[in-house]
Amino acid sequence: MSPLAERTLNLKPSPTLTLDAEVKAMKARGRKIVNLGVGEPDFETPDFIKEAAVKAVRDGFTRYTPSEGILELREAVCEKFSRDNGLEYGPEEIVVTCGGKHALYEAMQALFDPGDEVIVPAPYWVTYPPQVRLAGATPVAVATDAAGGYVLTPEALERALTPRTKGIIINSPSNPTGMVYTRAELAALAPLIESRGLWVISDDIYESLTYDGREFANMPMACPELKPRTVICHGVSKTYSMTGWRIGFLAAPREVASTVARIQSQMTSNPCSIAQKAALAAITGPGEPAERMREAFAVRRRLILDLLEGIPGFSTPVPAGAFYVFPDATGLFGRKLAGRTADSSDALASILLTECEVATVPGSGFGTEGAIRFSYAASENEITEGLGRIARLAAASW
Ligand SMILES: *Cc1c(COP(=O)(O)O)cnc(C)c1O
């Protein structure tokens, strides 16, 4: 057989999706796994959104749409940015995509070339480095730490810059840490980004999920001069519990948006017509269902933080957003846990899965050894049960 394309040779499947598939298979075989691994809201998509999709089918809205997405939805997205973020975009600066992940992929295809370097603050979402590589560019991970609130500082950014640096990816609220950048922290990065002429990819997918009154901000909100160099990637998956519908969107300067639309026209033609109508209903409809989900996440966040605090060996920064906690677990390394000894986050996650039947994601996948990610997009009962099992395992090791 002829060899496959070089860019696929080191391409691994998403570790979080792979883990989730394994957990679902174990559950199907009757194992009572508590799944704190998956980053997916467990709520149903609100009924009024489902109804809009049913209506689209009944109305025969079942054909190709414009590649960049239907005008009504792009206009609704403009209104969302104006209302929620004070950012003014025209519909020609918006592209509707097949999910937020696809918006990120297409943005990178539009912006980066082989030889370019792209700054990816770590811990990072598992998908950024492979997507940078698929564009032929090189991801440059820049470590941030719990003590610094996982915030990228201008000093750390400056040390990582080279003449080849072309862009930076910023994700706030963050997956996996749940940290949220303040306006001031973003503004502190702006002069370097501006003077080096970098592109900013702002992954705002968790915008609606902040807690304790924390305000959301992205780079163009903190620093309007950077709006012409920013691509905001966003979507309906996390806000409206619509992960399976596959609708995302991006906002970018006109030239970037039209380039992304050309890529999309050759790649997928357009996102699903029916799902676009559902997303339109979600964005223009009543905000209460999404707010009720946020409130449920807020309660679960308190619960998991309280339970983690009671388990010696974990040290957990308090996250202000998303639905993850990312405790440092090195306090458990080297201890006997059910006859095994963890010396890495991979080993610890494996012990938790086999001995406690609790799924988590090791920090290694996010570029940060020593921590593990718990998702609290699970019911309060599951969180209590899962953390209870881990507490008993840890207690036996002391
Ligand atoms: C879930 C997620 C996305 C996008 O999800 P889609 O389902 O593709 O819309 C993007 N970025 C991060 C950090 C995520 O966790």
Side-chain angles (χ1 to χ4, degrees), residues 13-20 36-43 45 49 69 73 77 80 94-109 118 120-132 134 139 141 144 150 152 168-181 200-210 216 218 231-251 260 264 267-268 271-272 275-276 278-279 282-283 290 293 297 319-326 361 363 365-368 373-377:
S14 160
T16 45
L17 293 182
T18 306
L19 174 85
D20 194 48
L36 305 179
V38 67
E40 175 174 37
D42 56 329
F43 303 107
T45 301
I49 298 172
L73 177 52
V77 168
K80 171 248 158 323
I94 307 295
V95 182
V96 180
T97 62
C98 305
K101 186 182 270 184
H102 188 222
L104 289 157
Y105 178 84
E106 290 183 318
M108 295 193 211
Q109 292 293 318
V118 180
V120 184
Y124 47 71
W125 187 41
V126 292
T127 290
Y128 301 139
Q131 285 196 344
V132 170
L134 284 169
T144 65
Y150 292 117
L152 179 68
I168 176 171
I169 302 174
I170 297 178
N171 172 220
S172 172
S174 153
N175 176 4
T177 66
M179 71 78 71
V180 180
Y181 276 87
V200 177
I201 294 183
S202 180
D203 182 351
D204 293 8
I205 196 88
Y206 292 102
E207 168 177 9
S208 65
L209 298 176
T210 62
F216 167 83
N218 59 25
V231 179
I232 298 177
C233 295
H234 211 317
V236 296
S237 288
K238 309 290 162 61
T239 310
Y240 304 103
S241 205
M242 289 179 71
T243 44
W245 298 77
R246 309 312 304 135
I247 294 292
F249 47 85
L250 61 76
V260 168
Q264 184 153 286
M267 196 173 194
T268 69
C272 168
Q276 289 188 65
I283 292 172
M293 292 190 261
F297 284 131
F323 40 62
Y324 308 102
V325 287
F326 197 60
V361 184
F366 307 104
T368 302
R373 190 191 77 176
F374 292 81
S375 160
Y376 52 89

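Every number for a ligand or one of its atoms is a count from 1 in the order of the listing.
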Parallel, tilted or perpendicular: ring planes of Trp125 versus Tyr128, cut at 30 and 60 degrees: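 Ring orientation, 0 to 90° scale: perpendicular.
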Pairing residues for [X] by the side chain to side chain donor-acceptor pair (under 3.5 Å) criterion, not counting sequence neighbours:
| X | result |
| --- | --- |
| Ser202 | Asp204 |
| Thr97 | none |
| Tyr206 | Lys238, Tyr324 |

Rounded distance (nearest 0.5 Å) linking atom CG of Asn175 with atom CZ of Phe326: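 One finds 9.5 Å between CG of Asn175 and CZ of Phe326.
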Side chain Ser241, main chain Thr45, donor-acceptor under 3.5 Å: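 Between the backbone of Thr45 and the side chain of Ser241 there is no qualifying donor-acceptor contact (under 3.5 Å).
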Near ligand 1, at a heavy-atom separation below 4.0 Å: residues by chain and residue number: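 Within the 4.0 Å shell of ligand 1, which is judged on heavy atoms, sit Gly99, Gly100, Lys101, Trp125, Tyr128, Asn171, Asn175, Asp203, Ile205, Tyr206, Ser237, Lys238, Arg246.
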